[in-house]
There are 2 protein chains.
Amino acid sequence: MRILIVEDEKPLREQILSLMATEKYACDAAADGREGLFLGSEYDYDLAIIDLGLPLLDGTQLIRELRAKERNFPILILTARGNWQDKVSGLEAGADDYLTKPFHPEELRARIHALLRRASGHASSVLRYGPITIDTSAKRVHRDETEVELTSFEYNTLTYLALHAGKNISKSELTEHLYAQDYDRDSNVIEVFVGRLRKKLDPDGSLNLISTQRGLGYRFNLDKQ
Amino acid sequence: MRILIVEDEKPLREQILSLMATEKYACDAAADGREGLFLGSEYDYDLAIIDLGLPLLDGTQLIRELRAKERNFPILILTARGNWQDKVSGLEAGADDYLTKPFHPEELRARIHALLRRASGHASSVLRYGPITIDTSAKRVHRDETEVELTSFEYNTLTYLALHAGKNISKSELTEHLYAQDYDRDSNVIEVFVGRLRKKLDPDGSLNLISTQRGLGYRFNLDKQ
DNA sequence: CTTCAACGATCAAAATACGCATGGATCGGT
DNA sequence: ACCGATCCATGCGTATTTTGATCGTTGAAG
């Protein structure tokens, strides 16, 4: 999952970044509205966290411009306590949720979870695909009642593929969503991780868990239940 | 739009109901959790507003049971001021948003807007041409319910032709769009790929899927639906 | 009606690109 | 410094793409 953070106050920005890091999300950060607009236009994020009070380009305006450009990822706005008018204008501009500063880190974590979950059209935090079960809040994976130990990259790769079950996901889409900015493209990390996932989750290939569409990408083949 | 309201305090319930009425939403109201569960299981709502502190069946539990029954409409929860733990557990149970009581009516209106917009924001990426179906986000092609496996060049050729259905597309236009830089002209790759597409998608020629305009190019013959 | 030339279709072989497994290097946390 | 996680380089096997040769079609001219 790749997340954009637009926050001008450095301490808060750093705090959010480190929180996101513990969650193993790939993050890009911008310190003002204009930079945020640039990044948000450039990349396809899974979520954006935007402070409404921003230099150079107001948060509300930033959201409007992003939405005008068909950027449809969920947006969580941060507002100073007390002025609900801000929240309302932000939501009307196209944000999906808000959080009042100061906030409890745990709450931010929960809101982000909820937004990402909702954006992928899944209500419950446990995803079930036949014998494969992914608990996104505990970040644990089971196959037929027995837990499968995954590293965080293996987990992220699996989740991204599973959330787009049935779709062909290109390797570049995967790297874009699993890694932060500028990543060396000519590497075969993705192939390695897909290989590991197959070995761990479907050693004998009987599930045909992840199939490769040569030249197009990978596809997660189990239906959500 | 049909909305479910589960709120035990009558004055607040009435207030929400009248607010919804001004928005022209169709509403059902329940005064306790059990009634809410009954209504929520029975009908397919577009959104639910649920107070967390409910008699007979706790709000969090109610949400969990609804989600377990595959009720995937967005849920907005109402909580008493101050205890963010409630919100968190509600969101983890499968809610999408919350509002702290007391709230400003204007704000409730905005949140509901945002949720409904998000829920319906599923722009279909499926192109349908009679029996031929192209899912551009999954990069998969079907003819009459059965999937047709295409290689990436076959897929690209098909999509370009389909997106310009009814028009004559010259071979040079195709090469220009399918290949990066100037491509060796005296080659018959395009003919080969058109041939493959015809064979895979319309083996007996009954659809007249792609006709050739001698000297002009090719034409995709099905109308978009 | 036949002939001819230009164009397109088809096929199979050759060239290429792509993905996979493997093992070792490097990174990062404890 | 250690250990596991992640990343990278290599070579191999194979699906895909490309090519070139051949054959079929078309439409116009003779």
Side-chain angles (χ1 to χ4, degrees), chain A residues 17-18 21-26 139 141 148-158 160-161 168-180 182-205 208-221, chain B residues 139 141 148-158 160-161 168-175 177-205 208-221:
Chain A
L17 277 168
S18 82
T22 67
E23 295 287 314
K24 306 289 181 190
Y25 294 134
K139 302 210 173 189
V141 175
V148 181
E149 303 270 2
L150 296 184
T151 71
S152 79
F153 253 86
E154 289 164 358
Y155 173 82
N156 285 336
T157 309
L158 174 67
Y160 193 86
L161 288 172
N168 274 311
I169 307 295
S170 71
K171 280 186 287 187
S172 60
E173 184 177 345
L174 272 171
T175 45
E176 270 177 35
H177 284 266
L178 298 179
Y179 294 89
D182 30 62
Y183 183 77
D184 186 10
R185 263 90 191 284
D186 44 355
S187 148
N188 62 348
V189 253
I190 298 301
E191 281 135 28
V192 172
F193 280 109
V194 169
R196 295 239 184 98
L197 281 176
R198 291 205 254 237
K199 191 175 284 181
K200 284 190 177 181
L201 287 166
D202 186 23
D204 55 356
N208 187 23
L209 186 66
I210 301 168
S211 63
T212 100
Q213 257 53 37
R214 198 162 249 260
L216 293 174
Y218 295 99
R219 191 169 71 200
F220 188 88
N221 278 315
Chain B
K139 300 202 172 185
V141 175
V148 181
E149 303 268 4
L150 297 183
T151 71
S152 68
F153 254 85
E154 289 164 359
Y155 174 82
N156 287 334
T157 310
L158 174 66
Y160 191 85
L161 288 171
N168 273 315
I169 306 296
S170 69
K171 280 186 285 187
S172 61
E173 184 177 345
L174 272 171
T175 46
H177 284 267
L178 297 178
Y179 294 90
Q181 301 113 0
D182 18 52
Y183 184 77
D184 185 10
R185 264 94 191 286
D186 44 354
S187 148
N188 62 346
V189 253
I190 298 302
E191 280 131 16
V192 172
F193 280 111
V194 170
R196 295 232 184 103
L197 282 176
R198 291 205 255 238
K199 188 177 286 181
K200 283 189 176 180
L201 287 166
D202 186 23
D204 55 357
N208 186 24
L209 187 66
I210 301 168
S211 61
T212 100
Q213 256 55 35
R214 196 157 246 263
L216 296 173
Y218 296 99
R219 191 171 66 199
F220 188 87
N221 280 315

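Every chain is numbered from 1 and lettered A, B, ... according to where its sequence line falls, protein lines coming before strand lines.
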J.: Using whole Å, report how far CZ of Phe193(A) lies from C1' of dT22(C).
T.: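 About 15 Å, once rounded to whole Å.
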J.: Return the value, rounded to whole Å, for the distance between atom CZ of Phe153(B) and atom P of dT16(C).
T.: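 To the nearest whole Å, that distance equals 15 Å.
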J.: Search all heavy atoms of Tyr218(A) against all heavy atoms of Ile190(A) and return the closest pair with its distance.
T.: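 Residues Tyr218(A) and Ile190(A), closest heavy atoms: CE1-CG2, 4.0 Å.
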J.: Please report the distance, rounded to the nearest Å, between NZ in Lys139(A) and C1' in dA5(D).
T.: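 Value for this atom pair: 16 Å.
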J.: So what does Lys24(A) hit on the nucleic acid, given a heavy-atom distance under 4.0 Å: a base, only sugar-phosphate, or nothing?
T.: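 Counting heavy atoms under 4.0 Å across all strands, no contact is made by Lys24(A).
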J.: Would you please name every residue forming a side-chain hydrogen bond (donor to acceptor under 3.5 Å, both in side chains) with Lys139(B), sequence neighbours left out?
T.: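 Listed in chain order: nothing, the list is empty.
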J.: Please list, chain by chain and in numerical order, all residues satisfying salt bridge (charged side-chain N to carboxylate O under 4.0 Å, His left out) with Glu173(B), sequence neighbours excluded.
T.: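 Counting only residues at least two positions away or on another chain, Glu173(B) forms no salt bridge (charged side-chain N to carboxylate O under 4.0 Å, His left out).
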J.: With a cut-off of less than 4.0 Å, is there a side-chain N or O of Ser187(A) near OP1 or OP2 of dC7(D)?
T.: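 So the side-chain polar atoms of Ser187(A) never come under 4.0 Å of the phosphate oxygens OP1 or OP2 of dC7(D).
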J.: What is the distance from CG of Leu216(A) to C1' of dG19(C), rounded to the nearest Å?
T.: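 Distance, rounded to whole Å: 13 Å.
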J.: Heavy atoms under 4.0 Å, any strand shown: does Tyr218(B) hit a base, just sugar-phosphate, or nothing?
T.: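 Answer is sugar-phosphate: Tyr218(B) comes under 4.0 Å of backbone atoms only.
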J.: I want to check one thing: is the phosphate of dC18(C), taken as OP1 and OP2, less than 4.0 Å away from some side-chain N or O of Thr212(A)?
T.: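 The answer is no; no side-chain N or O of Thr212(A) sits under 4.0 Å from OP1 or OP2.
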J.: In whole angstroms, how far is the C1' atom of dT10(C) from the NZ atom of Lys199(B)?
T.: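 Spelled out: NZ on Lys199(B) to C1' on dT10(C) is 7 Å.
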J.: Check the interface with nucleotides 9-14 of chain D: list each N/O to N/O pair with the protein under 3.5 Å, or write none.
T.:
unit_1  : atom_1 : unit_2    : atom_2 : d
dA9(D)  : N6     : Asn188(A) : ND2    : 2.9
dG13(D) : N2     : Arg214(A) : NH2    : 3.4

J.: Less than 4.0 angstrom between a side-chain N/O of Thr151(B) and OP1 or OP2 of dT16(D), yes or no?
T.: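 Thr151(B) to dT16(D) OP1/OP2: no side-chain N or O under 4.0 Å.
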J.: Check the angle between the aromatic planes of Phe153(B) and Phe193(B) and answer parallel, tilted or perpendicular using the 30° and 60° thresholds.
T.: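 Geometry flag for Phe193(B) against Phe153(B): parallel rings.
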J.: Minimum heavy-atom separation for Tyr155(A) and Val141(A), please, with both atom names.
T.: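 In this case the closest contact between Tyr155(A) and Val141(A) is CD1-CG2, 3.9 Å.
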J.: Give the rounded distance in Å between these two atoms: CZ of Arg196(B) and C1' of dT18(D).
T.: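 Nearest whole value for this atom pair: 9 Å.
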J.: Quick check for you: among dG8(C), dT22(C), dC7(D), whose closest atom lies nearest to any side-chain atom of Glu191(B)?
T.: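 Nearest listed nucleotide: dG8(C).
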J.: With a 4.0 Å cutoff (strictly under), does any side-chain N or O of Lys171(B) reach OP1 or OP2 of dC7(C)?
T.: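 No.
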J.: Taking side-chain hydrogen bond (donor to acceptor under 3.5 Å, both in side chains) as the definition, give me every residue that meets it alongside Asn221(B), ordered by chain and number, with sequence neighbours left out.
T.: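 Listed in chain order: Ser211(B), Arg219(B).
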J.: Can you check the Tyr179(A) OH to dA5(D) P distance for me, whole Å?
T.: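 Checked: the OH to P distance equals 15 Å.
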J.: Write down the atom of Leu216(A), the atom of Leu150(B), and the distance for their closest heavy-atom approach.
T.: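 Looking at all heavy atoms of both residues, the closest pair is CD1-O, 4.2 Å.
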J.: For residues Asn156(A) and Lys24(A), report the shortest heavy-atom separation together with the two atoms involved.
T.: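 What the structure gives for the nearest pair is ND2-O, 3.3 Å.
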J.: Heavy atoms only, 4.0 Å cut-off, all strands: where does Arg198(A) land among base, sugar-phosphate and nothing?
T.: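 Answer is sugar-phosphate: Arg198(A) comes under 4.0 Å of backbone atoms only.
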J.: Contact between Leu201(B) and Ile210(B) at the side-chain level, heavy atoms closer than 4.5 Å - yes or no?
T.: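 Not in contact.
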J.: Stems involving DNA chain D: give each as a range paired with a range, ordered by first number, where a stem means at least three consecutive Watson-Crick or G-U wobble pairs under 3.5 Å.
T.: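 Ordered by first number, the stems with DNA chain D (at least 3 consecutive pairs each) read C:1-30 with D:1-30.
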J.: Quick one: Ile210(A) CD1 to dA21(C) P, roughly how many Å, whole number?
T.: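 Checked: the CD1 to P distance equals 11 Å.
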J.: Go through the structure and list residues passing salt bridge (charged side-chain N to carboxylate O under 4.0 Å, His left out) with Glu154(A), not counting sequence neighbours.
T.: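 Scan of Glu154(A) (salt bridge (charged side-chain N to carboxylate O under 4.0 Å, His left out), adjacent residues dropped) gives Arg196(A), Lys200(A).
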